[in-house]
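Quick notes on the structure that follows.
Keep in mind the model is a prediction, meaning the values are calculated, not measured.
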Amino acid sequence: MADPKGFLTTGREVAETRPVGERVKDWNEVYVPGSLLPIISKQAGRCMDCGIPFCHNGCPLGNLIPEWNDYAYREDWSAASERLHATNNFPEFTGRLCPAPCESACVLGINQPAVTIKNVEVSIIDKAWDSGDVTPQPPERLSGKTVAVIGSGPAGLAAAQQLTRAGHTVAVFERADRIGGLLRYGIPEFKMEKSHINRRIEQMRAEGTKFRTEVEIGKDIDAAKLRRRYDAVVIAAGATVSRDLPVPGRELNGVHFAMEYLPLANKVQEGDLTVSPITAEGKHVVVIGGGDTGADCVGTAHRQGAASVTQLEIMPQPGEERNANQPWPTFPMLYKVTSAHEEGGERIYSVSTTHFEGDEDGNVQSLHLIEVEFKDGKLEQKAGTERVIPAQLVTLAMGFTGTDQANGLVQQFGLELDARGNIARDEDYATDVDGVYVAGDAGRGQSLIVWAIAEGRSAARGVDRFLTGTSALHAPIRPTDRSLTV
């Protein structure tokens, strides 16, 4: 145990954010650089080293949290990094982007603020990069087997790194112009600067992983031909089909999916564009959807100089404390104030959009909404609650419905889908096509980054066993495992 009295003598303290007026003028990460190191050892010392550490259950990766908390408390950063990487390929991603279900399951959180596990994690990995502890780990020998990974999001990258280190020759195919998937073009720069992706990709290249950008399997390369060229294939193409809002006026100019809007803002930061073709500058912006993607749209609109930003959510506003029907250690639905929400804007709950109105040129100008409530499990509109709000840019951030089938990948492989429209797989992540495996949202459906990495690692074990008959790779979850919720 790090500090036997740490949880009694030290209060919870989190990373310091830069002033709102400063950070909305740039696209750098919102946190004050270096603000964690002076406090993080004491924060790690709050860990109780529980006999049964439920944080392990909250985290699908099975991260060895008490162990690296102890090392962080003692400021043994090299040992902490080794323990961190034992279960997580990319802690610099999860430490910035994961909503930390491990903290919801922290035993200390029963009656006190939980350990700042996420902050400890990102401190360890940032220190490891700065000190040179993160180095390439090429395999000692090659197996002579080849693997194609389709998609370079967190699931695809995790699978690729595991399989490369196991000695297989791995090529990652990405349809975008840069590696990273939604990490690259779906996550704004202010949440995670893309330099973190770039240096991890360079590590993977040094280990032997090959990357092929601007190649869409199903369009540029026939999927069946790809299978014949490689000994195994891992499909990690994500769940990229956005949920639409089929109401009158949807066709108006200025109504866009979030994944049409956010990537363009990121391309400006990459230097590909001077100004985004879809910008919030001077406009009344409405974001439909109350999740993390919606918050990303809110923060992006602030930085583009929106006249106003309003976020709509069809569900009721969650409470700030656990409900009785969401007991510890489940992941509760709580009112969440992200850094983007701190920067301004209005949030409206329990409302539904009825239609959009436009001007004579076909540009959206306003949005009509109505209050809703759940009765007997059904969503009903409340008469007399209609109102109109200005909307010159609308982003639809209502989640995703499944993997892309328009490009022909599913059909060309001849894959079966499950009842929810995801690619079906067995306990080893294998599809019904010999040698073809599925990892991440393409098989699970829309989920969290930590689940994507866990799936990539687990699918890699299945592929390794298929190619060699055995595997020593870590497989933290089964395809049927689900979050610790109620």
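In summary, R83 and D70 do not engage in a salt bridge, as defined by a charged side-chain N under 4.0 Å from a carboxylate O. By the 4.0 Å N-to-carboxylate-O rule, E270 lies too far from K267 to be salt-bridged with it. Between R178 and D272 there is a salt bridge, since a side-chain N of the basic residue sits under 4.0 Å from a carboxylate O of the acidic one. E174 and R212 are not joined by a salt bridge, as no carboxylate oxygen comes within less than 4.0 angstrom of a charged side-chain nitrogen. Of the charged side-chain nitrogens involved, none lies within less than 4.0 Å of a carboxylate oxygen, so that E189 and K191 do not count as a salt-bridged pair.
Take D222 and apply the side-chain hydrogen bond (donor to acceptor under 3.5 Å, both in side chains) test, not counting sequence neighbours, and it matches no residue. For A148, the side-chain contact (heavy atoms from CB on, under 4.5 Å) criterion is met by F173, L226, Y230, V233, not counting sequence neighbours. With sequence neighbours left out, the side-chain contact (heavy atoms from CB on, under 4.5 Å) criterion links A237 to I235, T403. In this view, S447 satisfies the side-chain hydrogen bond (donor to acceptor under 3.5 Å, both in side chains) rule with no residue, not counting sequence neighbours. Partners of F257 according to the side-chain contact (heavy atoms from CB on, under 4.5 Å) rule, which considers only residues two or more places apart in sequence or in another chain, are S242, D244, R250, E260, L396. Scanning for ring-ring contact (aromatic ring centres under 6.0 Å, His included) contacts around F93 gives F90, with sequence neighbours left out. Take E29 and apply the salt bridge (Lys or Arg N to Asp or Glu O under 4.0 Å) test, not counting sequence neighbours, and it matches R96. Applying the side-chain hydrogen bond (donor to acceptor under 3.5 Å, both in side chains) rule to R165 yields the partners E207; only residues at least two apart in sequence or on another chain are considered. Remark: D481 engages R478 in a side-chain hydrogen bond (donor to acceptor under 3.5 Å, both in side chains) (not counting sequence neighbours). Residues forming a salt bridge (Lys or Arg N to Asp or Glu O under 4.0 Å) with E103 (at least two apart in sequence, or on another chain): R12. Every residue was checked against the ring-ring contact (aromatic ring centres under 6.0 Å, His included) condition with W129, not counting sequence neighbours, and none meets it. Among residues two or more places apart in sequence or in another chain, the ring-ring contact (aromatic ring centres under 6.0 Å, His included) test is passed with F400 by none.
Annotation for Y185: atom OH counts as buried by contact number, over 12 foreign heavy atoms lying within 6.0 Å. For CD of E140, the number of neighbouring non-hydrogen atoms (other residues, nucleotides, ligands) closer than 6.0 Å is 12 at most. For E427, the CD atom counts as densely surrounded, since its 6.0 Å shell holds more than 12 non-hydrogen atoms of other residues, nucleotides or ligands. When the shell of 6.0 Å around CZ of R420 is examined, it contains 12 or fewer heavy atoms from other residues, nucleotides or ligands. Applying the 6.0 Å contact sphere to CD of E373 captures more than 12 heavy atoms from other residues, nucleotides or ligands. Within a 6.0 Å sphere centred on NZ of K194, other residues, nucleotides and ligands contribute more than 12 heavy atoms.
Partner L262 forms a side chain to side chain contact (heavy atoms under 4.5 Å, CB included) with one of I187, I278, T300, T395 and no other, that one being T300. When each of V438, V170, L163 is checked for a side chain to side chain contact (heavy atoms under 4.5 Å, CB included) with V234, only L163 meets the rule.
Scanning all heavy atoms of the two residues, the minimum distance from A159 to A460 falls at O-CB, 3.9 Å. Listed here is the closest heavy atom pair of R461 and L473: NH1-O, 2.8 Å. Of all heavy-atom pairs spanning P113 and R46, the tightest one is O-NH2, 2.9 Å. In terms of heavy-atom proximity, P60 sits nearest to I477 at O-CG2, 3.2 Å. Across all non-hydrogen atoms, the minimal contact from V115 to Q43 is CG1-O, 4.0 Å. Between S104 and R322 the shortest heavy-atom distance is O-NH2, 2.6 Å.
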Would you please test N323 and M333 for side chain to side chain contact (heavy atoms under 4.5 Å, CB included) and show each step?
CA-CA 8 Å; N323 292 329; M333 294 295 294; over 6 Å; no
Mind running side chain to side chain donor-acceptor pair (under 3.5 Å) on Q203 and Q161 for me, showing each step along the way?
CA-CA 10 Å; Q203 180 206 32; Q161 187 168 63; 3.1 Å; yes
Pair L157-F211, side chain to side chain contact (heavy atoms under 4.5 Å, CB included): steps then yes or no:
CA-CA 10 Å; L157 291 178; F211 295 97; 3.9 Å; yes
Going through the distances and angles, do N89 and Q162 end up as a side chain to side chain contact (heavy atoms under 4.5 Å, CB included)?
CA-CA 8 Å; N89 297 72; Q162 293 293 94; 3.1 Å; yes
Let me see the working for M192 and L183 under side chain to side chain contact (heavy atoms under 4.5 Å, CB included), right down to the final yes or no.
CA-CA 8 Å; M192 186 179 75; L183 292 173; 4.3 Å; yes
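Side-chain polar atoms of T146 and T169 form no donor-acceptor pair below 3.5 angstrom. Checking T87 against N63 by side-chain atom types alone, a donor-acceptor pair falls below 3.5 Å. Side chains of H168 and T164: no donor on one and acceptor on the other come within 3.5 Å.
Not a single donor-acceptor pair under 3.5 Å links the side chain of D376 to the backbone N or O of K378. Side-chain N or O atoms of W328 include one that pairs as donor or acceptor with a backbone N or O of C106 at under 3.5 Å.
For the pair H341/Q311, a side-chain contact is recorded, criterion being any heavy-atom separation below 4.5 Å from C-beta on.
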